[in-house]
Peer 1: 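Next up is a structure, given as structure tokens.
These numbers come from the heavy atoms of this one structure, side chains and all, not from hydrogens, waters or symmetry mates.
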Amino acid sequence: MPLAEPISAGGRYGHYVGPGAAIILLALASASLLVGVGDRSWDIMVVSRLPRTLALLLAGASLAVAGVLMQMVVQNRFVEPTTAGTAQTAGLGMLAVTILAPDAPIVVKMLCAAAFALAGTAAFLGILRSIQLRSTLTVPLIGIVFGGIVWAGTTMLAYRYDLLQTLATWNASDFSAVLRGRYELLWIGLGLMIAAYVAADRFTIAGLGRDNAVNLGLDYRAVVALALLIVALVTAATVITVGIIPFLGLVAPNIVSLIAGDNLRRTLPLVAGLGAGLMLACDLIGRIVRFPFEIPAGTVMGVVGGGIFLYLLLRKGGRLA
């Protein structure tokens, strides 16, 4: 599963994007706090708009980091939780615990979803190892097919137990229902991002491939296990809080890689910031285009991210894969 291009040390414009990106992110966060149907009273800000903005920041940043970790482990730039079956298996885990233990605490539900996500990602990697990959484009294709099969089975199970509406809510990734007391699970993502940054150099070396990493003295299996654990927990926390958000973990790392290279010690904050900014921008678009009604942020991200995904697939015959 090699990268079509070697990992680069840095990009041409990597040193210039930090301050500008911070200013744009601050502007988007401020706009998120101010845009809305209701008034701007202190109660509305504290109960609704501030939690929503924080949820967008945390979900976007953590999913972007999860995406870049998956790309390093699989060595393919088209892989992220929704193109590897990770998010879909997390949804299956959520449905399973809803059926078997509907009154379970939210943390238990998240851990169950994370266990399913981890198992699903391991199954995806097992499939990749069992076949001969002639093209890097085959990897996301397999992941999308695998995720589609899992989601089809999840839908059948939801139909059997009259939970299709619940499943549709998870698939919509709508932040309009985020209130104080209903998003705090996403703070787990912040701790996981810090852990990813601490181990950033190890993940960068792992992205060189198993043989190269082992020759450099890296405990490759342990690093891969840590990366997959972070991805599973981030995906589960996001799915259980706001639903499945497509393509975010694919788009943000690819854009940052083009600008600043692949050294995670330097680029991981940029990946997280861009993921947060994209999530804020998509949510604002969804709140404005049909004001006072809303289009779910995940739907907007699916359109935007899907378009960028197709561009990356077609760009020079998939040279970025």
Side-chain angles (χ1 to χ4, degrees), residues 55 58-67 69-70 73 79-126 143 146-161 163-175 177-178 181-193 195-196 225-249 275 279 296-298 301:
L58 292 169
S62 59
L63 281 176
V65 170
L69 293 185
M70 287 199 75
V73 169
V79 174
E80 63 107 31
T82 59
T83 62
T86 306
Q88 291 82 357
T89 48
L92 176 59
M94 276 287 297
L95 182 65
V97 75
T98 299
I99 294 171
L100 299 175
D103 297 325
I106 189 73
V107 174
V108 173
K109 292 181 178 180
M110 189 208 75
L111 291 176
C112 182
F116 272 73
L118 192 60
T121 307
F124 169 67
L125 294 177
F146 173 64
I149 293 172
V150 172
W151 197 249
T154 304
T155 303
M156 291 178 61
L157 189 62
Y159 176 78
R160 169 67 177 79
Y161 287 94
L163 290 171
L164 282 177
Q165 187 173 1
T166 301
L167 193 65
T169 301
W170 298 339
N171 201 34
S173 52
D174 186 5
F175 286 79
V178 172
R182 297 184 182 179
Y183 82 99
E184 283 76 6
L185 206 60
L186 291 174
W187 284 104
I188 293 174
L190 178 60
L192 295 171
M193 284 188 285
L226 176 61
L228 296 183
L229 181 61
I230 291 173
V231 170
L233 289 172
V234 165
T235 303
T238 305
V239 170
I240 199 172
T241 304
V242 295
I244 297 174
I245 302 174
F247 300 124
L248 180 61
M279 204 69 257
M301 187 66 235

Peer 1: Any donor and acceptor pair, going by atom type alone, linking the side chain of K109 with main-chain N or O of P102 inside 3.5 Å?
Peer 2: yes
Peer 1: Does any part of the side chain of F175, heavy atoms only, come nearer than 4.5 Å to the side chain of M279, both counted from C-beta?
Peer 2: yes
Peer 1: Ignoring hydrogens, what is the shortest heavy-atom contact between G60 and L248? Give both atom names and the distance.
Peer 2: CA-CD2, 3.5 Å
Peer 1: Which atom names give the shortest non-hydrogen contact between V231 and P81, and what distance separates them?
Peer 2: CG1-CG, 4.3 Å
Peer 1: Is there side-chain contact between T241 and R182, with at least one heavy-atom pair below 4.5 Å?
Peer 2: no
Peer 1: How many angstroms lie between atom CZ of F146 and atom CD of Q88, to the nearest 0.5 angstrom?
Peer 2: 8.5 Å
Peer 1: Should W151 and I244 count as side-chain neighbours, where that means a heavy-atom distance under 4.5 Å?
Peer 2: yes
Peer 1: Distance-only, no hydrogens or angles: does the S62 side chain make a donor-acceptor pair with backbone N or O of A59 under 3.5 Å?
Peer 2: yes
Peer 1: Report the C-alpha separation of M110 and L233 in whole Å, then their side-chain angles, then the decisive distance to 0.1 Å, and conclude whether the side-chain contact (heavy atoms from CB on, under 4.5 Å) test is met.
Peer 2: CA-CA 8 Å; M110 189 208 75; L233 289 172; 4.1 Å; yes
Peer 1: Answer whether the closest heavy-atom distance between the side chains of M70 and T121 falls below 4.5 Å.
Peer 2: yes
Peer 1: Any side-chain to backbone donor/acceptor pair from T89 onto T86? Under 3.5 Å, distance only.
Peer 2: yes
Peer 1: Please examine the side chains of L95 and W170, heavy atoms only from C-beta on, and report whether any two atoms are closer than 4.5 Å.
Peer 2: yes
Peer 1: Got V242 and Y183 here, is their nearest side-chain heavy-atom distance under 4.5 Å?
Peer 2: no
Peer 1: Under 3.5 Å, side chain of T235 to main-chain N/O of A87, donor-acceptor pair present?
Peer 2: no
Peer 1: Any idea which heavy atoms bring A114 and A232 closest together, and the distance?
Peer 2: O-CB, 3.6 Å
Peer 1: Could you tell me if the side chain of L226 sits less than 4.5 Å from the side chain of L69, heavy atoms only?
Peer 2: no
Peer 1: Find the distance between CZ (R160) and OG1 (T155) and round it off to the nearest 0.5 Å.
Peer 2: 15.5 Å
Peer 1: Look up atom CD1 in I245 and atom CE in M301, then write down how far apart they are to the nearest 0.5 Å.
Peer 2: 9.0 Å
Peer 1: Measure the CG-CG distance between L163 and L157 for me, rounded to the nearest 0.5 Å.
Peer 2: 8.0 Å
Peer 1: Please name the residue in the list T238, V234, I240 that meets the side-chain contact (heavy atoms from CB on, under 4.5 Å) test with L186.
Peer 2: T238
Peer 1: Do L167 and N171 touch side chain to side chain, with heavy atoms closer than 4.5 Å?
Peer 2: no
Peer 1: How long is the straight-line distance from CD1 of I230 back to CD1 of I188, given to the nearest 0.5 Å?
Peer 2: 13.0 Å
